[in-house]
2 protein chains.
Amino acid sequence: MKKQTALFERIGEKLRLERIATEIRNMSMDNITKTKSGHTGGSLSVTDILTALYFGRIYNPRERRLENVLNYDPCDPLWEGRDRVLMSKGHAAPALYATLAKAGFFDCQVLKIYRKIDSPLEGHPAMFQVLNQGRERGTRGVDFSTGSLGHGFSVAAGIALHAKIYGYDYDVYSILGDGELQEGMPWEACMTIANKGLTRFCAFVDYNHLQVDGSVDEINQLEPLEKKFKAFNWEVRTIDGHDFYEILDVLAYFKLKRATRTKPLMVIANTVKGKGVKEIEGDFKYHAVPLTLEQLENASKVFLRRMEEIDQELPKYPYKVPIKEIVKESPPPLPDNLQDIISRNPSGQYNAPTATRIGYGNCLTRLGEYRRLFVFNADLEGACGTSAFCKNYPERAANPADRRSINVGIQECNMMSMAAGMASCGKIPVVNTFGIFSTGRAWEMVRQDISYPHLNVKIIGSHTGIALGEYGVSHQAIEDVGVMRCLPNIVVIEPSDAIQADRLFEKVLLYDGPVYYRIGRNPTPLIYVNGNDFGVEPVLDFEIGKGVLVREGEDWTIIGSGPVLCEALKVAQMARESVQVIDMPTIEPLDEDLIVKAALKTKRIATVQDHYKNGGLNDAVLRIIAKNRLQVEFHSIALSGFGESGSPKDLYEKYGLSASKIMEQLGLTPK
Amino acid sequence: MKKQTALFERIGEKLRLERIATEIRNMSMDNITKTKSGHTGGSLSVTDILTALYFGRIYNPRERRLENVLNYDPCDPLWEGRDRVLMSKGHAAPALYATLAKAGFFDCQVLKIYRKIDSPLEGHPAMFQVLNQGRERGTRGVDFSTGSLGHGFSVAAGIALHAKIYGYDYDVYSILGDGELQEGMPWEACMTIANKGLTRFCAFVDYNHLQVDGSVDEINQLEPLEKKFKAFNWEVRTIDGHDFYEILDVLAYFKLKRATRTKPLMVIANTVKGKGVKEIEGDFKYHAVPLTLEQLENASKVFLRRMEEIDQELPKYPYKVPIKEIVKESPPPLPDNLQDIISRNPSGQYNAPTATRIGYGNCLTRLGEYRRLFVFNADLEGACGTSAFCKNYPERAANPADRRSINVGIQECNMMSMAAGMASCGKIPVVNTFGIFSTGRAWEMVRQDISYPHLNVKIIGSHTGIALGEYGVSHQAIEDVGVMRCLPNIVVIEPSDAIQADRLFEKVLLYDGPVYYRIGRNPTPLIYVNGNDFGVEPVLDFEIGKGVLVREGEDWTIIGSGPVLCEALKVAQMARESVQVIDMPTIEPLDEDLIVKAALKTKRIATVQDHYKNGGLNDAVLRIIAKNRLQVEFHSIALSGFGESGSPKDLYEKYGLSASKIMEQLGLTPK
């Protein structure tokens, strides 16, 4: 009798899910057609997987009860212990939205305003966030913004890492498209999720074999796909992505065998693009083409008929098994004691030329006990100044609570998006690599996953400027400030000496929002120290958004950011003219008042930065001048193109950043 | 006797190569130590592979003679039929340079000025180029600039593709680091090289198991590496990377079995980091730490002693086998007949609102017979307007000479660098994807592989601006002009209507250098047509770097780029003030004269662009104003942040880009 019951319940479960999936298909197709916009085929192919995740239940034989596949609460979309679902194939948003509506996150009526202006349903999923003053943003139920392929998988990796480090008990699911796997970025995450032992991770590939321009196999085949994932150290199952028995079985395996599984689980789900709408099944042309009203009508008839059929059938398969209640347990919140830690760990003494990366690293180290801090590296741990922190809080620390760093090896894109995932869980990731890679290689990750959702990630760019020297052009970041200023929401800071790099980073950590911190490789002179070479009165309290008037003057103002400020200070010492010098560590947002004051005082303003002539400090200052209609003579000292290999000193001389060359360009007279 | 001879010759070959490799090690270590800078361990581990490539000879039993492994001519470094070597692990430059010096590309003395300013030996390999007026740049013998990991492999893929398409007979070799394989980008190339049948391709992995921060296995392991490559459809051999017999055997297989091999060849070469200098062998700390003078002295002694030993041994193993001469055959040069093709294929008529991507696509199609043109797509063939071209010149055209397009699927980074590789062979690649991906996802590829070596790649960015509409933020590129302007050497163009998009692209193709072409998805009004809505006198000849005064006026100047210019024209029609309107399709470099003239005429200048407020047309114009000390009132109409999903019309209204909103912001009075 027991076996019969189990079979009955299984059939009942399948029918129940099929009914929900059919309803979801109906809603999403209606949605797309009425909006006249949206991704049709890929929404249909993924629906059964989503349905199984959000509505499926598996039988736990040990506990003798059913468990929801996914632990979530539609009334509490930000419950930090919830399981996460990352739709890496973000264009299937209609399916996700219909699923979330059905699951109770929001009213089904909202689906009607998909892709409309002022709608909470964006074309691609927008992360649900509650901002200051309780203002809501994005879509309830969406765990992270996706749309650009590859990112969701890496973000998911970061969220899974978060659970492991900070003691959370949730699972992470990521749904990938097949075309998406032609991207390199998912293979970074693939490698890392497995190698870092993130076993509470289940990914699905919606393997419908079609992409925008045609067949995946013809364009750039993925086969042998199973072998690829196995070679990347995943456990792999291949299933029929439209068979609820198979989907549930694999989910049951994932959840119930948690204690014995040693690898993350990759489920290759063979699916049919357009599944459920017979006339478009397997037709790649329906990637982003809505059904016509007529096609929708026909499809709806089929859907509704099936739903009716199931409504007749379902009562024959009643449930008699208890279901597990959702229990909301979380680890105790971490103390918000950064200010206290700062007070107890003031910056140390500096007395010799020191690289700004060392100053930054010292700050990171002395504030390391702040448990929200998590440090990411991509094989440049020491180079970026984080050795001491990583020694105190190594990846494999004996005490799990101390494992607050990770080295993912050479993969900046995955690293950046993992950090974004961790920030979405309320931690403060500090991401380290050379500036050319953090702002260049991973630019689009910063844009989509940090800038857009305004997440609290601290992006370090080391070894910047031609001041890097001998490495040469490939590594000398001279566009990093510019490309970061091109992004909304990113605060851009370049400290001018190691002391400032150290002390200002406190403020960077206290600030709630993304920051790009530009630092250098080679030792540079100290400015903010007693007895410095420049006659500067040391200031020791730095604020984000505030410049520092380091030297008074009447005729000229030179505004500089970064260690090249020393050259500006030398200019002021060498010139007959009276030159005031302003240190402007925060380039975005600029200290407008200070600039205006300076412009009103001296009629000549020059900016100097170890940066290409477009996009940097010069452009930022020029905008302030224009905005305030200041009548000044403006000069920009910057690089006119790429540098080359050489000593920093030789390079500054050749490329016009040395004090003497600056004086020449500005037409100043030596004393 | 024959067998004995063969054995003798084999031993002789091994000794000969070992001597060369020892000499190369001696030179590169001397180089790094005296420079006090450079990558020690990785240069030593790769030396034997490089030696075998550049100096090795294999026996061809059918021809009964020796053949050089690599076909090259040190006196003719740009011989277009040469085999290519892409040092994707660019930091091993010292080994490459010593090899090239030994091979006769340049004098060994040059090694002494490695990484020095004004030296032809950059910190990371710089491609040899002969520019206008015969000026040389880079290092003789270096086939492509590398340094940022992952790129070289993709560039190599492009160069291999070039051979296949254009009928060249060379082989392509790429040397990868192991840590480099933690990057995702190489897996894109890996997939594509195999799937596109590029079998004249041999890659080596210098598998020394160490990276900067330690052991590859501990940081993010690559194993099982052989299985990975097999799953990506390569033929794989694993060898001892310091055993010349094994290296030569695998190279012999690669070359002699060319006709029967069906896959590219991946050679996993197990190596020892620091090989040849006993005291640092296997020590990851010597990644970028030079030997001390004392260590160098000791190492040199060992090297010189071994060289002497071999000099004693070698005469016992004389060669009696003839060696194949290098034959320089190339396909006949392609006609340089673009101007003629343009004359014979003028642009067609337009008479309804049309998307600029369609205009661009029409130009590409009508000039398609130009055989230097090669079109790249990443699964957005139709979306980017290239369907017709790709139909005429499909990837699998019956006539191989017509196969002038390729669709690599969803992998923009690999695509961009492949295009760079093809451009390095003198062809004109046109790279298509959405602007957020071409300028964002692949920004660093544009920077390293196109901007730095100033290569003739045409980068298309479609679906740009909030004018994209419903897709939403993830796809609406609003920073693309800014991030491209941050790069030296890139010409940045945004046509304002489909007619201009069509006709101006002729000039883009005629121009010798990299161009970013910004186009839009949705139909926009025609400007340059008789009877247009704006009273504009149609101009039909457009030039790069030249703006068009489309409407005269006295009080205000509005400068716009792209289809948003229509809003500026509407403003001019609606306002009581007299507004002159300038179309500025080339944003970098700007038409300085036209701007100066406008500023002298009207004292108020506004710029308008469907772009974020930093980095775009506004900043470019402001610099001209500042440079020329023009006393004007400057206004910038741009986006203050990300957009959202919605109709283009609604979005323009909400985000201040509609004519009425522009008027409001500028304080203009409606008639």
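Letters A, B, ... mirror the listed sequences (proteins, then strands); counts begin at 1.
For the atom pair B:Leu468 CG and B:Ile478 CD1, the distance stands at 11.5 Å (nearest 0.5 Å). Distance check, rounded to the nearest 0.5 Å: CD1 of B:Ile117 to OG of A:Ser647 gives 6.5 Å. Atom CD of residue B:Glu183 and atom CD of residue A:Glu188 lie 5.5 Å apart, to the nearest 0.5 angstrom. Put simply, CG on A:Asp650 and CD on A:Glu644 are 9.0 Å apart, with the number rounded to the nearest 0.5 Å.
Only the side chain of A:His635 comes within less than 4.5 Å of a heavy atom in chain B; its backbone stays farther off. Using a 4.5 Å cut-off between heavy atoms, A:Lys613 touches chain B through backbone and side chain atoms alike. For chain B, the nearby parts of A:Lys228 are the backbone and the side chain; heavy atoms of each come within less than 4.5 Å. For A:Ser37, the part lying under 4.5 angstrom from a heavy atom of chain B is the side chain only. No part of A:Leu225 comes within reach of chain B, as not one of its non-hydrogen atoms sits under 4.5 angstrom from that chain. Contacts of A:Leu639 with chain B are absent, with no heavy-atom separation under 4.5 Å from either backbone or side chain. Of the two parts of A:Ile113, neither the backbone nor the side chain holds a non-hydrogen atom closer than 4.5 Å to a non-hydrogen atom of chain B. Interface remark: A:Gln448 contributes side-chain atoms only to the contact with chain B (heavy atom separation under 4.5 Å). Contacts between A:Glu588 and chain B at a heavy-atom distance below 4.5 Å involve the side chain alone, from C-beta outward. Looking at A:Asn233, the atoms closer than 4.5 Å to chain B (heavy atoms on both sides) all sit in the side chain, from C-beta outward. Of the two parts of A:Arg629, only the side chain, counted from C-beta on, holds a non-hydrogen atom closer than 4.5 Å to a non-hydrogen atom of chain B.
Side-chain rings of A:His124 and B:His475 approach one another, their centers coming within less than 6.0 Å. Aromatic rings from B:Trp187 and B:Phe229 are positioned such that their centres are separated by under 6.0 Å.
In terms of heavy-atom pairs under 4.5 angstrom with chain B, the leader among A:Lys196, A:Arg485, A:Gln631, A:Met185 is A:Arg485. Taking chain B as the reference chain and counting heavy-atom pairs below 4.5 Å, the highest number among A:Glu226, A:His39, A:Glu412, A:His91 is found for A:Glu412. Of the listed residues (B:Lys227, B:Glu381, B:Glu223), the one with the most heavy-atom contacts under 4.5 Å to chain A is B:Glu381. When the candidates A:Phe634, A:Tyr114, A:Phe232 are compared by the number of heavy-atom contacts under 4.5 Å with chain B, A:Phe232 comes out ahead. Ranked by heavy-atom pairs shorter than 4.5 Å toward chain A, the options B:Val481, B:Thr439, B:Val408 are led by B:Val408. Taking chain B as the reference chain and counting heavy-atom pairs below 4.5 Å, the highest number among A:Gly482, A:Gly147, A:Cys486, A:Gly123 is found for A:Cys486. Interface remark: of the candidates B:Val216, B:Val632, B:Leu149, B:Leu149 forms the most heavy-atom pairs closer than 4.5 Å to chain A. For the set B:Cys190, B:Ser451, B:Gly472, B:Ala620, the entry with the most heavy-atom pairs within less than 4.5 Å of chain A is B:Ser451. Between chain B and the options A:Gly179, A:Ser387, A:Gly615, heavy-atom pairs under 4.5 Å are most frequent for A:Gly179. Comparing B:Asn614, B:Val483, B:Asp379 by heavy-atom pairs within less than 4.5 Å of chain A, the highest count is held by B:Asp379. Listed options A:Tyr612, A:Phe437, A:Tyr452 were ranked by heavy-atom pairs under 4.5 angstrom with chain B; first place goes to A:Tyr612. The greatest number of non-hydrogen atom pairs below 4.5 Å with chain A, out of B:Ile436, B:Asn414, B:Leu651, is found for B:Ile436.
A donor and an acceptor atom, one from each side chain of B:His151 and B:Ser154, are nowhere located under 3.5 Å apart. A side-chain N or O of A:Glu444 and one of A:Ser148 form a donor-acceptor pair less than 3.5 Å apart. Donor-acceptor pairing under 3.5 Å is lacking for the side chains of A:Thr607 and A:Asn618. For B:Asn407 and B:Asn377, the side-chain atoms include no donor-acceptor pair closer than 3.5 Å. Residues B:Asn220 and B:Gln182 have side chains that never bring a donor and an acceptor to within less than 3.5 angstrom of each other.
Between A:Leu121 and A:Arg115 there is no side-chain heavy-atom pair separated by less than 4.5 Å.
Looking at B:Val212, B:Asp213, B:Leu210 one by one, the single match for side chain to side chain contact (heavy atoms under 4.5 Å, CB included) with B:Phe284 turns out to be B:Leu210.
In this structure, A:Arg441 is not positioned above the aromatic face of A:Phe434 in the sense of NZ or CZ being under 6.0 Å from the six-membered ring centre and within 45° of the axis.
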